[in-house]
Structure formats: C-alpha cells, structure tokens
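All chains are named by letter (A, B, ...) in the order of the sequence lines, taking the proteins before the strands, and each is independently numbered beginning at 1.
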2 protein chains.
Amino acid sequence: MEFKHQATVTLAEVAEAAGVGESTVSRVLRNHGSFSGRTRERVMAAVERLGYVPNRIAGTLASTGSRLVAFVIPSLSNIVFPDVLRGASAVLEENRYQAVFSVTDYDPGKEEALAAAMLAWRPAAVMLAGCEHTEGTVKMLRASGCRVVELLDLDGDALDIAVGFSNRAAGRESAAFLLKRGYRRIGYVGHDLNRDTRAGKRFSSFCETLGAHDAPLVAREILPGASSVENGRLGLERLLARTTDLDAVYFSNDDMALGGYFHCLAQGIAIPSKLAIFGYNGLDIGRATPQPLSTIRTPRVATGEIAAQLVVANAPPQAVDLGFELIEGATA
Amino acid sequence: MEFKHQATVTLAEVAEAAGVGESTVSRVLRNHGSFSGRTRERVMAAVERLGYVPNRIAGTLASTGSRLVAFVIPSLSNIVFPDVLRGASAVLEENRYQAVFSVTDYDPGKEEALAAAMLAWRPAAVMLAGCEHTEGTVKMLRASGCRVVELLDLDGDALDIAVGFSNRAAGRESAAFLLKRGYRRIGYVGHDLNRDTRAGKRFSSFCETLGAHDAPLVAREILPGASSVENGRLGLERLLARTTDLDAVYFSNDDMALGGYFHCLAQGIAIPSKLAIFGYNGLDIGRATPQPLSTIRTPRVATGEIAAQLVVANAPPQAVDLGFELIEGATA
DNA sequence: TTTGCTGTTGGCAGCGCTGCCAAAATGAAT
DNA sequence: ATTCATTTTGGCAGCGCTGCCAACAGCAAA
C-alpha cells in the first residue's frame, strides 16, 4: 500500500492566500525573474503561514532537466564508495542537487537493472564505478542522453566523463616499490577478482611488472567473496602455510592487508624484516597501526567531489586523472 | 545550466506504435489491471523497439504517494551509516523503492534544512538518525504527513516509527561488564559528544553505572571532531600521560578503541592485564585483531532492513528494539 | 497629454503519467 | 439468436509546477 500525503498545500493555494498569481509565487520562491519587494514579502508570509513545501516532483516534470544525481555503486561495505559519496554529496548539496543511490553488489547484471531504474527518474547524471559495463548498460546510458560519470578507473574507454586514476599504474608502482626495496619472493592475497575488476587490473599489472624484473609472483591466495580484514588474515595464514620463503605479500586492499598485518602480529612474524606487507587504498587506520601500513593512497573523496563539480557545471566529456600517492609506511 | 534530456520516448508514442491506448500501455507496464496476452506482446515489442524508459517523475506526480525513501544521515565516514543504508537499500531495491540521501555532518540545523529539501520530493518516508531533532524539524516532519523513521536510538520519544536499541542500556552494560571483570579505575576516551548525541547517552549512562557501584570514572579525554582510529590512539596517549593508574578504558566506539589498542601494542602495554580496552559497535575488524576487541555489537544492517520493511509494509507507528550483543573479546 | 520604456504580474498550456469511467469485446448460458 | 456477466480497452481530466506570452503599471522624456 502506497502512502498518501495529507494536507498538501499547493502553489495555487499560496498564490490565493497571498493575493497574487501562481507564476508570481513561483518566481519569488525560485528567486528567478522579477518581482517587487512588497510582493516578495506577501508571498513569503503566505508560505510561512500555510507551511508550504514546494513539490519538486511537479517542478521537475514541468521544467526540463532534473537536479537528481544517480549513483550506482557496487557496495557500501567497502569504504571506498561511502567516501566517494561523501565527497560528491557535499558538492551536490551546496548546489541544491539531490543524490540518489543503489547498490549492485558487484553484479554487472544488477548494475544494468539498477541503472535502468535510475534512468526512470530522469537524473541529470548517472555515476558508476569503473568503466566495465554490460553492453546493455552502455547502450541504455548512451541512449538516455543523460550525463554519465565513471569513477575510480581510467583504464578503459570512458562513455562521457571519467574521474579517478589508473589502477594498472597503481599495481605497477606497488610492484616497482617492492622490487626497489629488494623483495624478490613476493606473494599475493586477494579477494574475488571477477567481481572487483579494478582489483583485478591492479593485480595483473602487479604481476606483469614483477615478471618484467625476473621476480615473478611466487604464490597467490584468492579468497571468495568480498574483501575484509578477516579474509586478509585467513588468506595470509593459508598462503604462509603453503609457501614458507616469501619475503613480501601484496594485498588486494588495505582491509586485506590489515588482516595480514594482524596475523603477523599474532604469530610474532617480524614486519618487515621477516615479511613485508603492502596494501592499497590508504585508509586512515593504516596510519595508526603500530607500524604505519605501506600502501597506495587513493583520492576517494576528491573523486566524488570532482565528479559532482563536473556534473553541476555541465562540463564537456573528459577524463580527469587524480592520481594516487604511494605511502612508504613501515610494513615494507 | 540544467541538463536537457534528448529523444525522450513517451508513453503516448509507445501506445501509438503498439496501436493501443495510453492506459493500456500503462497497465501492461505496471502489470496492473487486466489486458490480454496479445496486447501485452504488442506493447512490450513497441517498448523494446523504441527503447522506452518510463518516466517515474511523471508517474509519481500523477499517482498519489511516491516510492522514494529519504535518508538524512549525520555522516558517511562513520561506518555505522553506510551499514544502515546497506541494509535498507537491499530491502528497498527488492520492493522497487528508491533511496535518496543527504549528509548533515552531525549539524541539527543542517538536518532541518536537508529534511526540508527532502520533503520537497514527497518521499514515502524520511529516515533520520536518533530521536533528537530541532523543533523546526519535528514540526515539519509532523506536518508533512509522510512516514518518519528514527534510527539507532530508542532513548526518547519517537515521532512515528523507531528502529534500533537503547544507547543508554549499551553504556550501562558496558560499565557493568567492566565492573564484573573487576576493573575499578576506569577512564574514557571519546570524540565530540555534542555532535554525536548517541555517544553522549552511552557515556552518561556508563558514568552513572560506575558511580552507582562506587567506582566513579577516574579520568576522561574528549577529542574534538569525529571519531577515528588516530584520535583514539592520541586520546589514550594523552589520558595515560595524565593518569597512570587506570586499569580499563572505555572508548566512544570501536574506531577509537582500535586506536587505543594500537597505542598499547606500540608502547608494549599489556592488554588486558595492564590495561583493559572496551569499545562499541562490534566492527568486523575487531574480530581480526591479535586479541579480539571487547565491545558491544550493534545491529546496524538489521536496523536498516527492518526500517525499510516497515516502510514498505506501511506498518503502524511503533518502536522496534533490536537490542545489541556484548562481545567479551580478549581486551577486557 | 502622449510616447516609449522598463519592471511586474497573471493566465494558461503543457510536462508524462495514472485513475476513473464508460464503452466495446468476449464468452457462457439460455 | 439473445441475454447477462466479465474481461478488455480507450478517452480524458487531472497531479502541481514552470515557461511563455500578453497585459499592465509606473515613470521619464517629448
């Protein structure tokens, strides 16, 4: 059963109460067009008195173009996406845009269905994670004519606007750093890469770089499901049970890396002398651990901010590379 | 500059292409009312051919009651709120509702402004954190006639629906647990309590309980700003610098507690024999640390789920107590 | 007084859909 | 063939607002 709104005061009622025309009320409330000070006062008084709340559904329908921005994100468990939303929502709120979201659970099919549902709201823009989408999604977004922003991955062709950085470069630099530090027997602990294609890109570039320096990946442990601290801990435990002579482990992200770090603490494995640990994301928590985590800090909040700014400004199609920062830390 | 949608296919065009009336198309698409199988096929074929995407703005305006649910949350940095959103959005998506959100930054004035902006979208429900709101917010929500759900705090009068648990009880039980374990010289490290009133409630009940057992709080360290691991670490460091004989410290939440835990690890302070640590929230990470964190696990995802279910079912006003679980852990 | 501005204002036709109602088609029963 | 009940269908008036246009007022210049 749908909820029915009660006592809905309309523009027309305000107009009548203020003794002016509807369009005058509309102009005053949107502060658009011209009207006298006296009219303004009368309208505002009526608005106040009646407790009028404009109906943006009607307003959006009547005008062309909405102020809704739709986010179709893979997850809310992975702090990455709340961070992006945080950056974006601050900018959007300032500009009187409204954020709408739904969660795909890293499922491309669901992404397509949710994107379609989003388009039904005729948003000003749709923001998606990454640049890998189903054919149907791409076709639909193209046809919609609404702005499309692809976030956090620049390794691919952008549909319209893309904001983020190269995950391949991140994987490459991570490998280069470990090699530079002298690690040669390197392992990997990751989560389900089929779902998180960005983590997959980092991993493959990481491996390529190792291979190019005659230090190919020694072992890997991939855990099903999402990344988590517990999976990181479990993954490292399993990896070390199989492979005893590793000198460094690359993790699919900081959550996983922290799990590995905790495993070492619990087992008395000296870090980084006995085993080095390297993560990805640059979470704040990694700076507060007894040894700061070696990782790559990604511009998550900034990605959201810039994306929102470009949408608000109706900027031309473009790819914005925000880069990332390698944090040397103390675990590698 | 607002974005203008292009090439918008309308219901009327689909109707014409399918050789049926508008209302027939509407019925078929909503699978509501009756129509023949042949009609259905013709309509769906036309929809497919034209790439029609229904306009929910128009649909919502025409019908009474929307399928938007508005979230007005304090923060996206604190994992609590993404967790609530996660639980809620899963249920909402299943029921073809759409989640909309904005972030107040723990500012009651901003909450009022954002709630007003939300009401302009005529949502089916507004979900807010806690039960402390400005007079203006309360008045506006009451007048809106839309469903109001207050989340994560049952210590107060609910406007309509409330889902969560008692923060006071959480504070009380935390204190009781520490006392039962024999700790008597207890300190507190917290973040800005004026903003996070729920943390404030926990703290005051915690103190009352200690006082009632002749073991009043020995010292406290309150850090300005939001909770974070780094602030927790810093807070404990400061507290211990001033007060040397504490045997346990209660933290405003797990983020802060983890910071304290890391400080102890870094300083070689034995846990819990030299100093016990107790948190709040029951984050997953607390189970993966070398010693599992002693804390209270809160039903964050479930809070979102239940809240969404009640809204979808248009349930009568009620307060749902989901309780919480005390995790004994190994740090206290 | 008339003219020509600029600044204000109201009327009203949509925006794209849904809900209501009456009309038409169908089918079963006589 | 006729009747009645049922299913299927189309027409059309809004939902509450915005955007356009015409109308009007006030005022300075002629």
Side-chain angles (χ1 to χ4, degrees), chain A residues 1-43 46-47 50-68 119-122 144, chain B residues 1-43 46-47 50 52-68 96 119-123 144-145:
Chain A
M1 187 189 347
E2 302 276 88
F3 174 77
K4 177 149 188 165
H5 278 272
Q6 61 173 181
T8 325
V9 181
T10 66
L11 226 204
E13 298 177 72
V14 173
E16 171 148 30
V20 300
E22 294 182 37
S23 20
T24 301
V25 176
S26 178
R27 275 185 297 255
V28 170
L29 289 175
R30 285 178 300 151
N31 196 30
H32 175 273
S34 62
F35 44 83
S36 68
R38 198 165 60 52
T39 303
R40 207 194 92 90
E41 279 170 30
R42 281 168 51 185
V43 169
V47 164
L50 301 180
Y52 172 67
V53 177
N55 184 332
R56 287 189 76 163
I57 297 278
T60 302
L61 180 62
S63 58
T64 46
S66 81
R67 279 177 176 265
L68 286 172
L119 288 177
W121 290 101
R122 297 297 188 270
S144 78
Chain B
M1 186 189 353
E2 303 277 88
F3 174 77
K4 178 152 185 161
H5 279 270
Q6 60 175 182
T8 326
V9 182
T10 67
L11 226 206
E13 297 177 75
V14 174
E16 171 147 30
V20 300
E22 293 182 37
S23 22
T24 301
V25 177
S26 178
R27 275 186 297 255
V28 170
L29 289 175
R30 285 179 298 151
N31 195 30
H32 174 274
S34 62
F35 45 83
S36 69
R38 199 167 58 52
T39 303
R40 206 194 92 89
E41 278 171 31
R42 280 166 53 185
V43 169
V47 164
L50 301 179
Y52 172 66
V53 177
N55 184 332
R56 289 190 76 167
I57 298 279
T60 302
L61 179 61
S63 58
T64 47
S66 82
R67 279 178 176 265
L68 286 173
R96 310 193 326 116
L119 287 177
W121 290 100
R122 298 295 186 270
S144 77

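- Nucleic acid contact for Thr60(A): none, since no nucleic acid atom lies under 4.0 Å from a heavy atom of the residue.
- The CG-C1' distance, from Asn55(B) to dC15(D), rounds to 13 Å in whole Å.
- Going from atom CG of Leu61(B) over to atom P of dC17(C) covers 12 Å, rounded to whole Å.
- A straight line from CD of Glu22(A) to P of dG19(D) spans 14 Å, rounded to a whole angstrom.
- Nearest-nucleotide positions on DNA chain D place Gly21(B) closer to the 5' end than the other of Gly21(B) and Ala62(B).
- Contacts of Ser34(A) with the nucleic acid, taken as non-hydrogen atoms under 4.0 Å apart, include base atoms.
- Between Leu119(B) and Ser144(B), the shortest heavy-atom contact is CD2-CB, 3.6 Å.
- Rounded to whole Å, the distance from CG on Leu11(A) to C1' on dC15(D) is 13 Å.
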### Task
Before giving the answer on side chain to side chain contact (heavy atoms under 4.5 Å, CB included), spell out for Val53(A) and Arg122(B) the whole-Å C-alpha distance, their side-chain angles and the decisive distance to 0.1 Å.
CA-CA 9 Å; Val53(A) 177; Arg122(B) 298 295 186 270; 3.6 Å; yes

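- Nucleic acid contact class of Gly19(A) (heavy atoms, under 4.0 Å, all strands): sugar-phosphate only.
- Side-chain atoms of Arg122(A) and base atoms of dG16(C) include no donor and acceptor less than 3.5 Å apart.
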#### Entry: Val20(A)/Phe35(A) under side chain to side chain contact (heavy atoms under 4.5 Å, CB included): CA gap, chis, key distance, verdict
CA-CA 11 Å; Val20(A) 300; Phe35(A) 44 83; over 6 Å; no

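- In the set dG10(D), dC15(D), dC17(C), the nucleotide with an atom closest to the side chain of Thr10(B) is dC17(C).
- If you measure from atom CD of Glu13(A) to atom C1' of dG16(D), you get 11 Å, rounded to the nearest angstrom.
- Nucleic acid contact for Ser23(A): base, since at least one base atom lies under 4.0 Å from a heavy atom of the residue.
- Atom CZ of Phe35(B) is separated from atom C1' of dT18(C) by 15 Å (rounded to the nearest Å).
- Within 4.0 Å of Ser36(A), counting heavy atoms only, lie sugar-phosphate atoms of the nucleic acid but no base atom.
- In this structure, Arg38(A) atom CZ and dG26(D) atom C1' are separated by 13 Å, rounded to whole Å.
- Using a 4.0 Å heavy-atom distance criterion, Arg30(B) is classed as a sugar-phosphate-only contact.
- Distances shown here put a side-chain N or O of Ser26(A) below 4.0 Å from the OP1 or OP2 atom of dT18(D).
- Regarding Arg27(B), its CZ atom lies at a distance of 11 Å from the C1' atom of dC21(C), rounded to whole Å.
- Interatomic distance, OG1 of Thr24(B) versus CZ of Arg42(B), reported as 10.0 Å (0.5 Å rounding).
- Taken to the nearest 0.5 Å, the CG atom of Leu29(A) stands 6.0 Å off from the OH atom of Tyr52(A).
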